[in-house]
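In this chain, residues are counted from 1 in sequence order.
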Amino acid sequence: NDIFERATETVDFLRNRLPTKLGKPKIAIVCGSGLSGLAATINEGSAEWFDYSDVPNFPQSTVAGHEGKLLFGTMGQRQIPVVLLVGRAHFYEGYNMDVVTFATRVCKLLGVEKMIVTNAAGGLNSSYAVGDIVCLNDHINLAGLAGWHPLRGPNPEDFGTRFPPLSDAYDLSLRQLAHRSWQDLRRQVPSRRKLHEGVYAFVSGPSYETRAECRLLRQMGADLVGMSTVPEIIVARHSGMQVLAFSLVTNNAVLEPVPRGDDPKLQGMSPEQLSEYLSRGKANHAEVLEAGKQAALDMQGLVLLIVSQL
Ligand SMILES: Nc1nc2ncn(CCNC(CO)CO)c2c(=O)[nH]1
């Protein structure tokens with residue numbers, strides 16, 4: 001109940017500071033690394049900002065590309081009330097799972113019925129290109145399978161059942177809408193960027209995966225790997241919200257085996273040549289943020305089209 005009480009306190013704080021004309025947000029949008037540009041989709045004049053640091057019980061984001069702001073406003077011509085979470089708390093920052101998923105519970109108590117979650121992720125599926133967008137249709141909760149699960153501990157009965165099913169976690173009707181909206185967007189604005197569907201593997205981070213771990217994840221059936229989203233999805237489904245999730249492929253994870261020390265082909269290489277050879281595909285956060293910036297307009301266009309059809 002402690003979580004329920006804290007979330008209620010946070011919602012009361014926000015409600016007391018929001019104009020009544022805004023109406024209760026039915027849709028929440030979580031902006032992942034480098035995807036804060038989604039805030040631009042809010043109708044002029046309707047925006048109400050809160051810094052996470054000013055909101056009771058809200059964790060602070062400590063990661064570049066995660067501003068740490070709550071944005072209430074309306075979207076599209078029908079002026080649909082929405083709430084945007086610009087930046088998120090990650091498990092790898094040292095937050096416990098109940099803190100990582102606190103914003104999700106606040107959304108539920110605010111009246112949100114549908115959550116659209118975006119993130120940046122590494123591509124394990126070789127048919128993906130950097131910059132492509134993937135609509136998630138399932139996940140592998142690696143950290144959860146090892147015990148780091150957002151619902152571990154006493155069940156907050158006010159939110160949902162003790163043993164929630166997740167075999168249909170990623171809402172099919174919302175995914176169908178996502179593909180239709182993508183086709184509409186492509187008719188309006190041609191682009192080489194593709195929309196795929198795939199499985200996201202949640203790892204704790206903060207290190208990026210080794211080559212052997214990427215091969216393991218791929219062999220397990222994962223198309224993407226990342227360090228967020230899955231805890232929020234589980235808590236959103238636990239509390240009865242529908243979810244739609246998109247990953248922006250910000251780099252292709254390295255699946256090739258580590259070069260061998262006894263490989264004759266490498267014997268003649270200089271240290272610089274060896275370093276260059278090893279650096280191919282090495283993930284780094286700067287490229288994650290850059291890819292987010294490049295894809296921002298398409299991600300905004302897609303989300304805006306989807307929200308306007310909800
Ligand atoms: N190989 C790989 N590539 C990735 N690109 C983005 N992310 C998601 C993690 N994002 C972190 C660090 O960029 C910031 O939250 C990953 C990842 O976890 N693994």
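- Annotation: side-chain contact (heavy atoms from CB on, under 4.5 Å) contacts of Asn284 (sequence neighbours excluded): Ala286, Glu287.
- The two residues Leu124 and Ala253 have their closest heavy-atom pair at CD2-CB, 3.7 Å.
- Listed by first then second residue, pairs satisfying side-chain hydrogen bond (donor to acceptor under 3.5 Å, both in side chains) with a partner in residues 77-86 number zero, not counting sequence neighbours.
- With sequence neighbours excluded, no residue satisfies salt bridge (charged side-chain N to carboxylate O under 4.0 Å, His left out) with Arg152.
- Shown here for Lys114 and Val112, the closest heavy-atom pair between the two residues is O-CG1, 3.4 Å.
- Sorted by first and then second residue, the side-chain hydrogen bond (donor to acceptor under 3.5 Å, both in side chains) pairs involving residues 95-111 (not counting sequence neighbours) are Arg6-Asp98.
- Distance alone, capped at 3.5 Å, is enough to place a donor-acceptor pair between the Gln60 side chain and the Phe58 backbone.
- Evaluation of the ring pair (Phe, Tyr, Trp, His ring centres under 6.0 Å) rule for Trp148 yields Phe91 as partners, not counting sequence neighbours.
- A donor and an acceptor atom, one from each side chain of Ser127 and Asn125, are located under 3.5 Å apart.
- The backbone N or O of Ser46 sits nowhere less than 3.5 Å from a side-chain atom of Thr74 that would complete a donor-acceptor pair.
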- prompt: What do the steps show when you test Glu197 against His179 for side-chain contact (heavy atoms from CB on, under 4.5 Å), and what is the final call?
  reply: CA-CA 9 Å; Glu197 269 209 15; His179 288 284; 2.8 Å; yes
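- In this structure Lys26 satisfies the salt bridge (charged side-chain N to carboxylate O under 4.0 Å, His left out) test with no other residue, sequence neighbours excluded.
- The two residues Leu302 and Ala178 have their closest heavy-atom pair at CD1-O, 3.7 Å.
- Residues that satisfy the ring pair (Phe, Tyr, Trp, His ring centres under 6.0 Å) test with Phe13, not counting sequence neighbours, are absent from this structure.
- In this structure, Val254 stands alone, with no Ile, Leu, Val, Met, Phe, Trp or Tyr side-chain heavy atom under 4.5 Å from its own, directly or through other members.
- Proximity of a side-chain donor or acceptor of Asp132 to a complementary backbone N or O of Ala129 within less than 3.5 Å is detected.
- The ring pair (Phe, Tyr, Trp, His ring centres under 6.0 Å) test applied to His139 returns Tyr170, not counting sequence neighbours.
- His238 places no side-chain N or O within donor-acceptor distance of the main-chain N or O of Phe159, the cut-off being under 3.5 Å.
- Between the side chain of Ser191 and the backbone N or O of Arg193 there is at least one donor-acceptor pair closer than 3.5 Å.
- Here Tyr277 sits in one hydrophobic cluster together with Leu266, Met269, Leu274; the rule is ILVMFWY side chains under 4.5 Å apart, joined directly or through other members.
- The hydrophobic cluster around Val130 extends to none of the other residues, as no ILVMFWY side-chain heavy atom falls under 4.5 Å of it.
- Thr118 contributes a side-chain N or O that, together with a main-chain N or O of Val30, makes up a donor-acceptor pair within less than 3.5 Å.
- Looking at residues two or more places apart in sequence or on another chain, you find a ring pair (Phe, Tyr, Trp, His ring centres under 6.0 Å) between Phe72 and Phe50.
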